[in-house]
Novice: 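The structure follows.
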Amino acid sequence: MSFIHRSRKPVSIVKCFCRYRYTDSRSKQESGIRVSRARVNFGSEIAYSYRSASHLVNCSLPAFNCITDKSNTLLSFVCKYYSTVERAKLEVNSSILPAMPEKKPFQRLPTTVEPKLYKLYFKPDLKQFSFEGTETVNVVINESVNEIILNSFELQIGKVELTDVNGEVHKPQPTLLAEDESLILKFEKQLPCGEASIYFEFVGELNDKLIGFYRSKCNPATAGGGGGGEEKYAAVTQFQATHARRCFPCWDEPAIKAVFDITITAPKDNVALSNMPAIAEKAEANGDKTVTFATTPQMSTYLVAMVVGDLDFVEDRSEDGVLVRVYTEPGKAKQGHFALFVATKVLPYYKQYFNIAYPLPKIDLVAVADFSAGAMENWGLVTYRETCLLVDTENTSSMRKQIIALTIGHEIAHQWFGNLVTMEWWTHLWLNEGYASFVEYLCVAHLFPEYEIWTQFISQHTRALELDSLDNSHPIQVPVGHPSEIDEIFDDISYSKGASIIRMLHNYIGDDDFRKGMNLYLTRYQYKNTFTEDLWAALEEASSKPVQAVMSTWTCQKGFPVVTVDTVKSPHDNPNSRTFKVSQTKFYAAGNKPQNNGGGDSPLWLVPLTYSKGSDPCGKFACGVLDKPEMTVTISDVQPDEWVKFNPNTVGFYRTKYTTQMLDQFLPSIQAKTMPPLDRLGLVDDLFALVQAGQAPTVQVLKLIQAMTHEDNFTVWSAISDCLGKVKVLIENTDFEDAFYTYGQKLFKEIAKKLGWEPKAGESHTDALLRSLVISRLGATFRDAEVIAEAQKRFAAHLSGERPIPADLRSPIYRVVMAAGDETTFDQMIKLYKENDLHEEKDRIGCALGQTRKKELLKRTLEFAISDDVRTQASPIIIVYVTGSVMARELSWQFVKDNWTLFSTRYESGFLLSRLVKYTVEDFVSEERALEVEEFFKEREHSNIERTVQQACETIRLNAAWLNRDRQLMKEFLTSAN
């Protein structure tokens, strides 16, 4: 797939694979209909008519590969082509892309009938785990029909009546289609056009799957006076992406917006919450209460929310008058104060940044005990895992507070970007998630400058690059249809790559124009739905830069380039300038594959180029856009021996490859730390990626890291730690593990001595984070005897109550003592887990359990993970941490296979199942294991994690190739170095 400049030359041949997305001529909605790998020949008349035909509309879609009749130069054009008959929108993917898995047939809901107002009533039963509901939905019938199709799943539908525009009542025959998650209402005669209303009665289950309208078990200490009383539950909704249909019959697609009137009957001692403030409360004869809420603004069904339970709260108002409450279980309200502070500051910050006020009168942040994701941005009623909202001043770590601030910033950003303006279909999910994942850093940098949060953004950037280098990655804009496909794109491409390219765009057009464009976009499309192209158009209008042309190359084709930089001799060289050849090719995790198995030329990106130099290491200078395979760049005021680094601050979403001579020029500045941290990190990270791809030897990056013992930046050490963690996965399959441990001990000793075990007066936030990282790596990974002894001593004092471990050190100390511990240590950990009510502390302990090196204790950890002592959402976390060695990995994979029915049922929809599979198997290092994983899933239904399985197996094969390639050289280096 390729994108180059628009061509004025005729195209003689165009061959490509196409996906068809039917576009309804009236509604312009994207359907999920797709023809997989249909080979199509287009005549050259399409290209000839390019400049004048009104039906050929420029857009950001994947490009055609084209060959000119004379020059053989690769050309491309990008378009939406609407035929005069079908108005078919073609998403063209060139043949360099591998075939996507065959997906379930899927059709978007017809737009013959559209909802305008839902009047919803619910009565949850928290003892029988059920709910009953009634619904009157006001609709407009656009075309005379005798059937209405909407969504419903796992509901028992009772009475259904439709009253048409003439007042006539119709009683349809309802048919539920479980496979399509739809409800068909069949009428005996045609319904007239005009306004109508449909009345439903239904009942459903308050399920235990963390989706739809479900039950959440309260913490024992709050539910029953220390754990001895009756179990209590709350009723909670989680509707994203397609689970509103599990709660009430609806048109459950993001583009089919409506307003909602919601009423809830609940026990009188419970709190009932929804998107809008309560406007009436009525006491019932049986002791219940019925709460009626104000009408919502126009919004999508996945943003509807309800919570019913025993809750406390703290409240405040933002400076612009919005009522903010943080709800918790009884006794935990004081843990909501940090979140309350953040939320009340974030709201006016976004109001000022977007120049649009938050449109609702209140926003509630609710801590939910059982919750699958980190948080959910329901409009006006944001739900969170406890670990992503609550701060215990004595027991919450600095890292966790930082995560909480980011999560709150993310979800509140969605109140504008996602809720006020919503993507038209899940293909454009990244519009919600990528943007919020970028903006959360803007607001946290504003509120907490001491976090140095932009240096830590690079972790998102790196995760996305790693995933996007796989053949089984996907474009940011990926066609999805059936609900089983949608959950899989809630991944590092939609979130982290989306955030990274928004950051790159922000840098390209500048903050002022970026803000103008955001205001234009949000104002123009408020309460409406958009495509990615609408965002580009607004930013292009605000900045007068070719945003759509540049950004389409990043959203519509998967992957990214490696930009190769080389010094060249120019006849016009002078002592104060340098000329570089800069070229781009697609970066492949499997190494150099420019033809991708004979599929044509490498794709191209429009890459905004910037550089810094040794005489001005913190400077950032633009030098054009790389819009072709290669170009030359001449930089003035640069000495012959001065380093020049492209992509300063690692803003661009690409890898950079330098010559050995250029890398050597960087080394003194890296060691002296005169090069900024993000640039030191970027060099290590890019070189390591080239190592994994076989374009450089592993020893080269080990030597570079070895030269960084004086490093003191947390983010740089995090990158080093991640690199060595991946090397460890290989080396634990060899006979020179001990040499690797010695290498790691020597590397981390200096920074460990500098930081010590106790916080120093006036030390930075990031020093606290770094201390935790260093202790964990030295003790748990590299088995340093001194660190292990000190950790064991501190753990014993913690257990006795003599000296509690500070929150920032608990995770590393737990991991170190568990890695070196025995059955007694394990039992002490389990006791701590059961006695503790703080979810963060439970997570710390649960993750530490998997560090043990004893087989029987690993087995006990796995069994504990699915016991009643562990919440549903916490089980996968514990299991995936039982993968830190060859033995542990084999045990956890066997455990997942043995309990697959349990896991696939428990996590039937959502990202937890995909994370469980990914992190359990992806660190295997043999072709045999890859085949075993493929064979296991071939025999089982796994459509909701199909891409995850493919990515994991590809990663296993890459690991195997890497080890085979570099085993001997690594052995020689590590053994000689020690």
Side-chain angles (χ1 to χ4, degrees), residues 24 26-30 108-122 133-143 145 148-153 155 157 160-165 181-183 185 191 193-202 212-213 237-264 274-277 279 292-306 359-360 376-381 414-416 418-426 432 483 525-530:
D24 181 276
R26 184 181 54 77
S27 69
K28 302 297 188 297
Q29 74 170 18
E30 293 182 23
R108 292 277 294 271
L109 292 174
T111 55
T112 50
V113 178
E114 296 180 326
K116 297 300 179 183
L117 167 66
Y118 293 87
K119 298 177 182 178
L120 301 170
Y121 168 80
F122 298 97
T134 63
E135 170 183 347
T136 300
V137 54
N138 295 346
V139 301
V140 173
I141 301 174
N142 296 309
E143 299 175 22
V145 293
I148 296 175
I149 303 174
L150 61 160
N151 296 114
S152 182
F153 190 52
L155 292 175
I157 305 297
V160 184
E161 290 183 348
L162 181 144
T163 303
D164 67 23
V165 67
E181 301 184 2
S182 63
L183 169 64
L185 305 179
L191 300 173
C193 294
E195 295 181 353
S197 65
I198 311 173
Y199 175 79
F200 296 94
E201 293 178 357
F202 51 90
F213 203 7
T237 56
Q238 171 58 40
F239 290 163
Q240 194 181 46
T242 59
H243 304 306
R245 64 193 67 178
R246 294 173 183 260
C247 184
F248 59 99
C250 56
W251 285 257
D252 198 11
E253 296 184 359
I256 309 179
K257 290 190 171 187
V259 298
F260 298 82
D261 286 339
I262 297 172
T263 301
I264 301 172
S274 189
N275 304 83
M276 298 296 287
I279 55 174
T292 301
F293 299 91
T295 302
T296 72
Q298 190 95 348
M299 68 183 196
S300 304
T301 50
Y302 79 88
L303 296 171
V304 174
M306 298 175 288
L360 304 188
M376 174 60 207
E377 67 266 20
N378 316 297
W379 214 352
L381 180 61
H414 275 312
Q415 307 301 300
W416 284 264
N419 299 5
L420 182 64
V421 178
T422 312
M423 76 266 156
E424 196 279 341
W425 183 244
W426 299 106
N432 285 16
Y525 299 109
Q526 57 186 323
Y527 306 108
K528 297 175 184 176
N529 296 83
T530 59

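We use all heavy atoms of the structure for the numbers below, so side chains are in, but hydrogens, waters and symmetry mates are not.
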Novice: So do the side chains of Leu162 and Leu185 get within less than 4.5 Å of each other, counting heavy atoms only?
Specialist: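 Of all side-chain heavy-atom pairs linking Leu185 with Leu162, none is under 4.5 Å.
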Novice: If every non-hydrogen atom of Asn432 is compared with every non-hydrogen atom of Gly418, which pair is closest and at what distance?
Specialist: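 Closest heavy-atom pair between Asn432 and Gly418: OD1-CA, 3.4 Å.
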Novice: Could you tell me which residues satisfy salt bridge (charged side-chain N to carboxylate O under 4.0 Å, His left out) with Glu195, sequence neighbours excluded, listed by chain and number?
Specialist: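 Residues passing salt bridge (charged side-chain N to carboxylate O under 4.0 Å, His left out) with Glu195: none at all.
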Novice: Dump the intermediate steps for side-chain contact (heavy atoms from CB on, under 4.5 Å) on Phe293 and Ile264, then the final yes or no.
Specialist: CA-CA 9 Å; Phe293 299 91; Ile264 301 172; 3.8 Å; yes
Novice: Could you give me the CA-CA distance, side-chain angles and deciding distance for Phe200 and Ser152, then say whether side-chain contact (heavy atoms from CB on, under 4.5 Å) is met?
Specialist: CA-CA 12 Å; Phe200 296 94; Ser152 182; over 6 Å; no
Novice: Pick out which of Asn529, Thr422, Thr301 makes a side-chain hydrogen bond (donor to acceptor under 3.5 Å, both in side chains) with Lys257.
Specialist: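 Only match with Lys257 under side-chain hydrogen bond (donor to acceptor under 3.5 Å, both in side chains): Thr422.
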Novice: Using every non-hydrogen atom in the two residues, find where Asn275 and Trp379 come nearest and quote the distance to one decimal.
Specialist: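 Looking at all heavy atoms of both residues, the shortest contact is ND2-O, 2.9 Å.
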Novice: Within this structure, what is the CZ-CZ distance for the pair Phe239 and Arg245, rounded to the nearest 0.5 Å?
Specialist: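 Rounded to the nearest 0.5 Å, the CZ-CZ separation comes out at 11.5 Å.
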Novice: Could you grab the distance from atom OG of Ser182 to atom CG of Leu150, nearest 0.5 Å is fine?
Specialist: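 Answer rounded to 0.5 Å: 8.5 Å.
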Novice: Is any side-chain heavy atom of Val113 closer than 4.5 Å to a side-chain heavy atom of Trp251?
Specialist: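 Sidechains of Trp251 and Val113: in contact.
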Novice: Run the numbers on Leu420 and Tyr527 for side-chain contact (heavy atoms from CB on, under 4.5 Å), then give the verdict.
Specialist: CA-CA 5 Å; Leu420 182 64; Tyr527 306 108; 3.7 Å; yes
Novice: What verdict does the side-chain hydrogen bond (donor to acceptor under 3.5 Å, both in side chains) test give for Thr242 and Asp252, after you've listed the backbone C-alpha separation in whole Å, the side-chain angles of each residue and the deciding distance to 0.1 Å?
Specialist: CA-CA 6 Å; Thr242 59; Asp252 198 11; 5.4 Å; no
Novice: Closer than 3.5 angstrom, by distance alone: can the side chain of Ser274 be matched with the main-chain N or O of Ala305 as a donor-acceptor pair?
Specialist: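 A pair under 3.5 Å: yes.
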Novice: Of all the heavy-atom pairs spanning Phe202 and Cys247, show the shortest one and how long it is.
Specialist: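 Result for this residue pair: CE1-O, 3.1 Å.
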Novice: So Asp261 and Thr295, side-chain hydrogen bond (donor to acceptor under 3.5 Å, both in side chains) or not? Walk me through it.
Specialist: CA-CA 5 Å; Asp261 286 339; Thr295 302; 2.3 Å; yes
Novice: Going by the rule side chain to side chain donor-acceptor pair (under 3.5 Å), which residues pair with Gln298 if we only count those two or more places apart in sequence or in a different chain?
Specialist: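 In terms of side chain to side chain donor-acceptor pair (under 3.5 Å), with neighbours along the sequence ignored, Gln298 is linked to no residue.
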Novice: Looking at Gly380, is its backbone amide N or carbonyl O close enough to the side chain of Gln415 to form a donor-acceptor pair, meaning the two atoms are under 3.5 Å apart?
Specialist: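 Yes, because the side chain of Gln415 sits within donor-acceptor range (under 3.5 Å) of the backbone of Gly380.
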Novice: State whether the side chain of Glu135 and the backbone N or O of Phe248 hold a donor-acceptor pair below 3.5 Å, judged by distance alone.
Specialist: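 No; judged by distance alone, with no hydrogens or angles, the pair does not exist.
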Novice: So does Met306 get a backbone contact from the side chain of Thr237, meaning a donor-acceptor N/O pair under 3.5 Å?
Specialist: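 Checked: pair present.
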Novice: Does a side-chain heavy-atom distance below 4.5 Å link Met299 with Val304?
Specialist: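 In short, these two side chains touch, coming nearer than 4.5 Å.
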Novice: At their closest point, which heavy atom of Ile141 faces which heavy atom of Ala196, and how far apart are they?
Specialist: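 So the minimum-distance heavy-atom pair works out to CD1-CB, 4.0 Å.
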Novice: Locate the shortest heavy-atom distance separating Pro115 from Val139; write the atom from each residue and the value.
Specialist: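 Distance-wise, the nearest heavy atoms are CA-CG1, 3.9 Å.
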Novice: As a quick check of understanding, evaluate side-chain contact (heavy atoms from CB on, under 4.5 Å) for Thr136 and Thr134, giving each step before the final call.
Specialist: CA-CA 7 Å; Thr136 300; Thr134 63; over 6 Å; no
Novice: Is a side-chain donor or acceptor of Gln238 paired with a backbone partner of Gln240 at a separation under 3.5 angstrom?
Specialist: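 Between the backbone of Gln240 and the side chain of Gln238 there is a qualifying donor-acceptor contact (under 3.5 Å).
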Novice: Side chain of Asn151, backbone of Glu181: donor and acceptor closer than 3.5 Å?
Specialist: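 Present.
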Novice: Look up atom CZ in Phe260 and atom OG in Ser300, then write down how far apart they are to the nearest 0.5 Å.
Specialist: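 One gets 8.0 Å once the value is rounded to the nearest 0.5 Å.
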Novice: So, Asn419 side chain and Leu303 main chain: donor-acceptor pair closer than 3.5 Å or not?
Specialist: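 Checked: no pair found.
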Novice: List for me each residue that meets side chain to side chain donor-acceptor pair (under 3.5 Å) alongside Tyr118, sequence neighbours excluded, and say none if there are none.
Specialist: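 For Tyr118, no residue satisfies side chain to side chain donor-acceptor pair (under 3.5 Å) once neighbours in sequence are set aside.
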Novice: Please report the closest heavy-atom contact between Met276 and Pro297, naming both atoms and the distance.
Specialist: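 In this case the closest contact between Met276 and Pro297 is SD-CD, 4.0 Å.
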Novice: Would you compute the distance between atom CD1 of Ile198 and atom CD of Glu161 and round it to the nearest 0.5 angstrom?
Specialist: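 If I round to the nearest 0.5 Å, the distance is 11.5 Å.
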Novice: Would you please indicate if the ring centroids of Trp426 and Tyr302 are separated by under 6.0 Å?
Specialist: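 They qualify: ring centres under 6.0 Å apart.
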Novice: Does a side-chain heavy-atom distance below 4.5 Å link Leu191 with Ile148?
Specialist: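 Result yes, sub-4.5 Å side-chain heavy-atom pair found.
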